[in-house]
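Just below is one structure, and these are the notes that go with it.
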Protein chains: 2
Amino acid sequence: MPKSASEPAVRPSLTRERIVLAAIELVEREGEDALSMRAVAAELGVAVMSLYNHVPNKADLLSGVAQHVVAGMGLPDDSADDWKTRARALIWAFRRAAHDYPECINIVLTHSVDFPVGMRPAERALAIADAAGFDGATSVRIMRAMLAYALGAQMREIGAVKMLNDLPPDPSTLFAQLDPAEFPHVTALATELTEHDPETDFEFGLELLISALDALPRRS
Amino acid sequence: MPKSASEPAVRPSLTRERIVLAAIELVEREGEDALSMRAVAAELGVAVMSLYNHVPNKADLLSGVAQHVVAGMGLPDDSADDWKTRARALIWAFRRAAHDYPECINIVLTHSVDFPVGMRPAERALAIADAAGFDGATSVRIMRAMLAYALGAQMREIGAVKMLNDLPPDPSTLFAQLDPAEFPHVTALATELTEHDPETDFEFGLELLISALDALPRRS
DNA sequence: ACCTGAACACCGTTCAAGT
DNA sequence: ACCTGAACACCGTTCAAGT
């Protein structure tokens, strides 16, 4: 019985990569709370402790998930383009990744990603700001501000951040309970607050920031 | 032995409020991970299950924490002021709350707050946008964009969001490991990326957004 | 080198028993 | 009405035993 190619690898050997992928599938299918070492092991048909031969602990597994998603982020760029279109492309790439892994995105945002893959988006952002004519210190600040906006918008949209979220179980009845004297604007804008298109909202804020950058003084 | 005022209430009766306060103290002192029902009970010198007479479950306790912090947010406002100064005051009030409860802020952001207290900041934001001359739909979008920025900046600063965070254990050595050919801008801006003042960064993005709003067409 | 079961020290929560 | 201990069904992880 030679171990030739005719023998199908029914049970591929356990690797860190397979464990990370199983974790991602599990989270996307059953939600973040369903992620336990035991559940991942069951997903792979393996004993819990086998995982620890390839992953030091759960926190490191979560970092692996973050790493995988960030590494998979498509960062298309054409340096011949206008800096504004390049900036839009970068931010939308981040948003696309967030939409590809809606359940994982909270894990991705809250765990550090190893060098150098974690620095790729930063390098791109700084390159674009440089091309736009901003000095180094300003470029760094711009990168942080854009990132802060993209992060916050995404977390709010996903529902990871619930603060000021305007979608209670039954919006209409709850808004009706508000005292119009104390909340005149909220009650007047009840429909605008409950019905909204996330894409348009995201774009609105993004364009706000880009137009502000465009008005900033810069060299050349 | 009449229960007069001379008899000090050595052990004040358990209430939801006291439980929430104990949870907040515990989190601020020992971090978010230290928050367990058992630990809160120990904090109050009470059996674990006693908590359940006043709080249905842990998730509700966390919502109570969020509720308490948001309710305590000072929202000073003078409607006679310029809308720009009013907007700045509102955003900085949010930031101040985040700094008063640095360890709790993640809980606050990720748990829904009951009506009507959760709507107070929204009402304020919409009132200011209205005063600035924006129509209802635009006001809602502005509120969301400003909130997204404030949220993202805060979570990044606190370290709750680690993505693109530029503070590895030993920055200098790690940046040195990066290939300058692949990361020319990151390596060139190593010092700007590692040394930064959070206040100035926050203000930079905030003023960016406000100046963009100022340039937007509006009535009156 | 890799896998595994038993065990430990934790969780949140149900239940039945107390007052 | 409020408190409580025991118990249940979970966790992540250590350890010693297997191959």
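This structure is a prediction, so every number in the text was calculated from the model and none was measured. All heavy atoms count here, side chains included; hydrogens, waters and symmetry mates do not. So you know, we letter chains A, B, ... as the sequences are listed, proteins then strands, and number each from 1.
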Determine whether more than 12 heavy atoms belonging to other residues, nucleotides or ligands lie under 6.0 Å from atom CG of B/D33. no

What stems, by residue range, does DNA chain C take part in, given at least 3 consecutive Watson-Crick or G-U pairs under 3.5 Å?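 The stems that DNA chain C takes part in, listed by first number, are C:4-8 with D:12-16, C:12-16 with D:4-8.
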
What is the nucleic acid contact for A/S50, judged by heavy atoms within less than 4.0 Å: base, sugar-phosphate only, or nothing? base

Please report, rounded to the nearest Å, how far the [atom2] atom of [N] is from the [atom1] atom of [X].
{"X": "A/D33", "N": "C/dT13", "atom1": "CG", "atom2": "P", "value": "12 Å"}
{"X": "A/R38", "N": "D/dT14", "atom1": "CZ", "atom2": "P", "value": "13 Å"}
{"X": "B/N57", "N": "C/dC11", "atom1": "CG", "atom2": "C1'", "value": "14 Å"}
{"X": "B/L62", "N": "C/dT13", "atom1": "CG", "atom2": "C1'", "value": "15 Å"}
{"X": "B/K58", "N": "C/dC11", "atom1": "NZ", "atom2": "C1'", "value": "8 Å"}
{"X": "B/D60", "N": "C/dG12", "atom1": "CG", "atom2": "P", "value": "14 Å"}
{"X": "B/M37", "N": "D/dC10", "atom1": "CE", "atom2": "C1'", "value": "16 Å"}
{"X": "A/L51", "N": "C/dG5", "atom1": "CG", "atom2": "P", "value": "12 Å"}

Below 4.0 angstrom, N of the basic side chain to O of the carboxylate: do B/E43 and B/R38 qualify? no

The test is salt bridge (charged side-chain N to carboxylate O under 4.0 Å, His left out); show your working for B/R95 and B/E203 and say whether it passes. CA-CA 11 Å; B/R95 184 176 162 85; B/E203 187 169 23; over 6 Å; no

Could you please name the option among C/dT13, D/dC3, C/dG5 that lies closest to any side-chain atom of B/Y52?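 Nearest to the side-chain atoms of B/Y52, counting from C-beta on, is C/dT13.
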
In terms of heavy-atom contacts, A/Y149 and A/F202 come closest through OH-O, 2.8 Å

Do you know the tightest heavy-atom contact between A/L189 and B/G136? CD2-CA, 3.4 Å

Could you check whether any side-chain N or O of A/E123 sits under 3.5 Å from a backbone N or O of B/H185, counting only pairs where one atom can act as donor and the other as acceptor? yes

Are the side chain of B/T138 and the backbone N or O of B/F134 linked by a donor-acceptor pair below 3.5 Å? no

Quick one: is D/dC3 close enough that its OP1 or OP2 comes under 4.0 Å of any side-chain N or O from B/N53?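 True: B/N53 side-chain N/O within range (under 4.0 Å) of D/dC3 OP1/OP2.
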
May I ask you to evaluate whether B/H54 reaches the phosphate of D/dC3, defined as a side-chain N or O under 4.0 Å from OP1 or OP2? yes

Under 3.5 Å between N/O atoms: give me all the protein pairs with nucleotides 15-18 of chain D, atom names plus distance.
none

